[in-house]
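Read the numbers this way: they start at 1 and go in the same order the structure lists the ligands and their atoms.
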Amino acid sequence: MKNRNQVFGWSYLCNLTICIFMFSSLALTADVHADGKVQGKCYVIGTGPAGPEHATVKAIETIKKADFIFCSDQMQDRFSDYLKGKTILGSPWRGKFKYSWRDRDKLSPEEKKLYVEERINFWDQTAARIREEVARGKTVAILDSGDPCVFGPSHRVIEGLKEDEFEIIPGLGCFQASMAALKKSSIPAYDTRFVMLTAPMFLFGRPQDDAILKDLSKYPITMAFYMALNHADTLINSLNKYYPKDLPVAVVYNAGFPEKEKVIMGNLDTILAKIKAEKENWLGMIFVGRCLEGQPQRGMVKFVSQ
Ligand SMILES: C[S@@+](CC[C@H](N)C(=O)[O-])C[C@H]1O[C@@H](n2cnc3c(N)ncnc32)[C@H](O)[C@@H]1O
């Protein structure tokens with residue numbers, strides 16, 4: 001027969017353990033304020049370039065805990081195993097590239113103005129919805145591809161939130177996955193000074209573009225272009241004005257996808273024809289630089305020892 005103290009001791013211990021467990025799981029997803037009110041959180045999750053295989057443990061654990069999910073249809077497919085039973089609130093960047101079903105670049109100035117107003121309105125509405133759930137103590141996850149801090153559209157929404165309402169979980173970017181596919185070092189590499197991450201839409205389309213490229217061409221660099229397949233003509237033709245024709249160029253398609261990853265190699269003279277022969281015009285990165293040939297790190301050692 002157990003005495004009162006033993007029974008009381010066991011139930012006290014059990015209750016304490018349950019409380020610690022509840023509070024520690026809450027701590028992972030929510031802040032408890034001094035007044036006892038629980039605040040949820042919005043997580044922008046870098047999910048990696050190609051699905052769960054490349055997502056971090058933290059990314060997966062946070063997805064599992066989320067009450068609400070914002071993501072694109074493609075992301076929903078990729079992470080379907082982890083999204084069962086969750087409320088999907090749609091894509092936070094719906095309509096990003098289209099306005100009235102037309103290409104953003106072909107809009108009149110008046111339409112562009114309306115486009116910007118409509119976009120900001122949409123992001124504000126999404127941020128307001130997130131804030132509402134966070135205030136109710138819920139966990140909201142935005143699934144972004146690769147790493148959210150390089151060409152990650154989620155920032156448009158979270159810039160409308162307060163600092164303590166959101167957290168960013170870093171992810172493996174397509175830059176890293178692509179360089180791994182190329183099996184090369186982006187830097188150090190021979191006399192390369194820096195690595196440039198950009199996209200043709202940020203480099204071209206303004207009067208000073210040529211001057212920028214001309215200046216850039218004075219320095220040995222590794223260039224990585226996102227969202228470039230659709231603008232390959234402009235990109236390669238412009239680079240051809242200032243760089244030697246034998247400068248190596250590589251394209252990595254579907255980096256990290258086991259069945260689909262593909263690398264094509266060439267130089268400024270030959271790559272355009274090879275890109276045109278491929279169907280994919282979104283999921284690929286273009287790399288330009290000497291790092292793509294030979295032994296870039298050994299080359300660097302030789303270079304500095306000269
Ligand atoms: C909006 S950006 C997103 C980049 C993402 N935040 C990252 O860090 O990987 C989309 C562009 O990233 C590149 N990209 C994304 N995933 C890729 C993949 N698996 N393989 C090759 N390129 C990819 C393509 O250039 C695509 O047009």
Problem - Nearest-option assignment for atom 8 (O) of ligand 1, heavy atoms, candidates Asp147, Ile286, Asn230 - result: Asp147
Problem - Heavy-atom proximity to atom 13 (C) of ligand 1, best of Cys174, Ala224, Ala199 - result: Cys174
Flag the pair [X] / [Y] as yes when at least one side-chain heavy-atom distance between them is below 4.5 Å, and no otherwise.
X      : Y      : answer
Lys58  : Thr62  : yes
Phe287 : Met179 : yes
Asn254 : Glu259 : no

Exercise for the section: Select one of side chain, backbone, both or neither to describe which atoms of Asn254 lie under 4.0 Å from any atom of ligand 1, heavy atoms only. Expected result: backbone
Handout entry: ligand 1 contact on Phe257 by region, counting heavy-atom pairs under 4.0 Å
Key =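 Side chain only; the backbone of Phe257 stays clear of ligand 1.
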Exercise for the section: Tell me, please, which residues at least two apart from Lys64 pass side chain to side chain donor-acceptor pair (under 3.5 Å). Expected result: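 With neighbours one apart ignored, the set is Glu61.
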Practice task
For the pair Arg290 and Asp246, find out whether any cationic side-chain nitrogen is under 4.0 Å from an anionic carboxylate oxygen.
Solution key: yes
Handout entry: Note: Glu280-Lys262 ion pair, threshold 4.0 Å (strictly below)
Key = no
Is there a donor-acceptor pair closer than 3.5 Å between any side-chain N or O of [X] and the backbone N or O of [Y]?
X      : Y      : answer
Asp67  : Thr139 : yes
Arg131 : Glu165 : no
Thr126 : Phe122 : yes

Problem - Arg129 charged N/C atom sitting above Phe70 aromatic ring, 6.0 Å / 45° - result: no
Sub-3.5 Å N/O-N/O distance, [X] and ligand 1:
X      : answer
Pro148 : no
Ala255 : yes
Ala228 : no
Trp282 : yes
Tyr226 : no
Ser145 : yes
Val252 : no

Give the atoms of ligand 1, by number and element, whose distance to some non-hydrogen atom of [X] is under 4.0 Å.
X      : result
Gly173 : 8 (O), 9 (O)
Leu283 : 15 (C), 16 (N), 17 (C), 18 (C), 21 (C), 22 (N)
Val150 : 4 (C), 5 (C), 6 (N), 8 (O)

Handout entry: Close approach of Gly284 to ligand 1, heavy atoms, under 4.0 angstrom
Key =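 Under 4.0 Å: yes for Gly284.
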